[in-house]
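Below is one structure; the comments refer to it alone.
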Amino acid sequence: MRSRVLLGRRLANAVAIALAGAATLSGLFFLGWILWTTMSRGMAAIGPALFTRMTPPPGQEGGLLNAFYGSAAMVMLALAIGVPLGIATATYLAEQGRHSRLAAVVRFVNDILLSAPSILIGLFVHELVVRPMGRFSGFAGALALAIILLPVVIRTSDEALRLVPDSMREAAFALGLPRRLVTLRVLWRSALNGMVTGVLLGLARIAGETAPLLFTALNNQFWSTGLGGPLANVPVVIFQYAMSPYASWHALAWAGALVLTLFVLALNLLVRLLVRKGAGK
Amino acid sequence: MMNATMPIPLGETKAGAGTGTGTRIDIRDLDFFYGRAQALKSVSMAIPAGAITAIIGPSGCGKSTLLRSINRIHELYPEQRAVGEIRFDGANVLDRHYSLDVLRRRIGMLFQKPTPFATSIRNNVGFALRYHERLSKAEEAERIEDALRQAALWDEVKDKLDASALALSGGQQQRLCIARTIAIRPEVILFDEPTSALDPVSTARIEELMHEMRGRFTIVVVTHNMQQAARVSQHTAFFHLGELIEFGETGQIFTNPRLGRTGDYITGRYG
């Protein structure tokens, strides 16, 4: 009797392990495949020209300089908008508003925004900025990216701040320090690691976003430094070049995809490093 | 100072409180509520100046609650409420108009777990100091050194003042917190189970330190450790279920408690 129960358990265990293992392997297999394809195809087009020349017309040599510039400019502006706003909101949620009903509502709405489809945000900014202005622009692109970034920063910073033990708050207040100093110098400092992690994760998220840029920044074949007009950017260039019938464009799309992938990979490694450092203290 | 041999009879603490020079903090009819639950019931107690007063009692008896209402740190939590009087230099600190800034500067507090800020040792001590007083660089350095010396930490950290406070051991961190509190020159220091997270050696050092601080500061210490109360304090208050059961000279409480319940707790029959 007992051995039969044991046998049943062993069998169930073996099946469960086999299923879990197969699931893991299939996930890793496709991830490896994608990485390998991106690497092998992208490496072929990577060279100095990629970072020094403009996007070319079909059949000519060129690089992705204007796309890299446009992406960097829009992502920076998105960070400049989203990070201060996000950290300020998170500070309200975790500190001033921690016992209020409003904070609970804001948190709920933020969670919805966090999972909103990015194309929807692109359309929203299109209606809000692009149509009234009468043209696509880098500003509109940056705004769309900022709206995607914002909930990520709010969520991670809020959680990082709420992880600061109450005893730390109490100790700071018990020294007679005012709330602004307690928040800025004690709580932010304790939560710094978590907040930086959140910003980096948000950055990784918006660096590869394509959908919101299609409706806002669009693309630009030429060198333009101003954010007032259509602006080239890596994700949309990849999208357009990959859909084209030209082999040279395909190669550039792969190279762009590889650079983007490596950038996001590097960011994630940095995040892991920060988290590990944070856990070790 | 209180008469060294006379126990302080419960009934008289209320009447005689605040009138003599021997009382530093005079608590009168203090009720405390966590939401609807009442944690302290009409507590009256005169905390003697310049001495160490221990507060003992089983978990949940309200001893930490009492401590936390003296510097009003409970006000960080909106559902917590203290009603009554805590007189300090003639003023009721529970009065809404009493400045928290002044109150917490004059009445410092130490917590169960060391709470070093994520910054250098120097900044940990200098932070509140810089906020409360305008000091020159030299004066500030002097005050930081003085505070660290008083906390018996100077010799261990004098060569690494700019190192992170988080790298110190638990016992050192707790002494750093003491230095941080001493630096702003409070008159009263509240210790909330200051050694419960420390090993025996670190505990002994903190107790030694409290002993040295006696006289310069009025100290109130909440402790779960009977021996600690007996070792460091001159006066002991026994709390049970939110009420002050007995308050007197530590020697008398431990050797000759007037009430059976006090004796039962001290000898470990419950709690």
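The structure displayed is predicted, hence computed values, not measured ones. Below, chains carry the letters A, B, ... as their sequence lines are ordered, and counting in each starts from 1. FYI, side chains are in, hydrogens and waters are out, and symmetry mates aren't considered; it's all heavy atoms of this structure.
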List for me each residue that meets salt bridge (charged side-chain N to carboxylate O under 4.0 Å, His left out) alongside B/Asp159, sequence neighbours excluded, and say none if there are none. none
Write out, in numerical order, the residues from residues 134-141 of chain B with a heavy atom short of 4.5 Å from a heavy atom in chain A. none
Could you tell me whether B/Arg216 atom CZ has more than 12 heavy atoms of other residues or ligands within 6.0 Å of it? yes
If you count heavy atoms of other groups shown closer than 6.0 angstrom to CZ of A/Phe124, is the number above 12? no
For atom CE of B/Met213, is the number of surrounding heavy atoms from other residues, nucleotides or ligands below 6.0 Å larger than 12? yes
Look up atom CZ in B/Phe117 and atom CZ in A/Arg185, then write down how far apart they are to the nearest 0.5 Å. 10.5 Å
Sort B/Leu129 into side chain, backbone, both or neither according to what part of it lies under 4.5 angstrom from a heavy atom of chain A. neither
Winner by heavy-atom pair count (cut-off under 4.5 Å) against chain A, out of B/Cys177, B/Gly108, B/Pro78: B/Pro78
Using a heavy-atom distance cut-off of less than 4.5 Å, which residues of residues 179-188 of chain B contact chain A? B/Arg180, B/Thr181, B/Ile184
Using non-hydrogen atoms only, which part of A/Leu181 is less than 4.5 Å away from chain B: side chain, backbone, both, or neither? both
When you look at CD of B/Glu142, are more than 12 heavy atoms from neighbouring residues, nucleotides or ligands closer to it than 6.0 Å? no
Other residues, nucleotides and ligands only: do more than 12 of their heavy atoms fall within 6.0 Å of NE2 on A/His99? yes
Can you check whether anything in residues 152-177 of chain A gets within less than 4.5 Å of chain B, heavy-atom wise, and list it by number? A/Asp166, A/Ser167, A/Met168, A/Glu170, A/Ala171, A/Ala172, A/Phe173, A/Ala174, A/Leu175, A/Gly176, A/Leu177
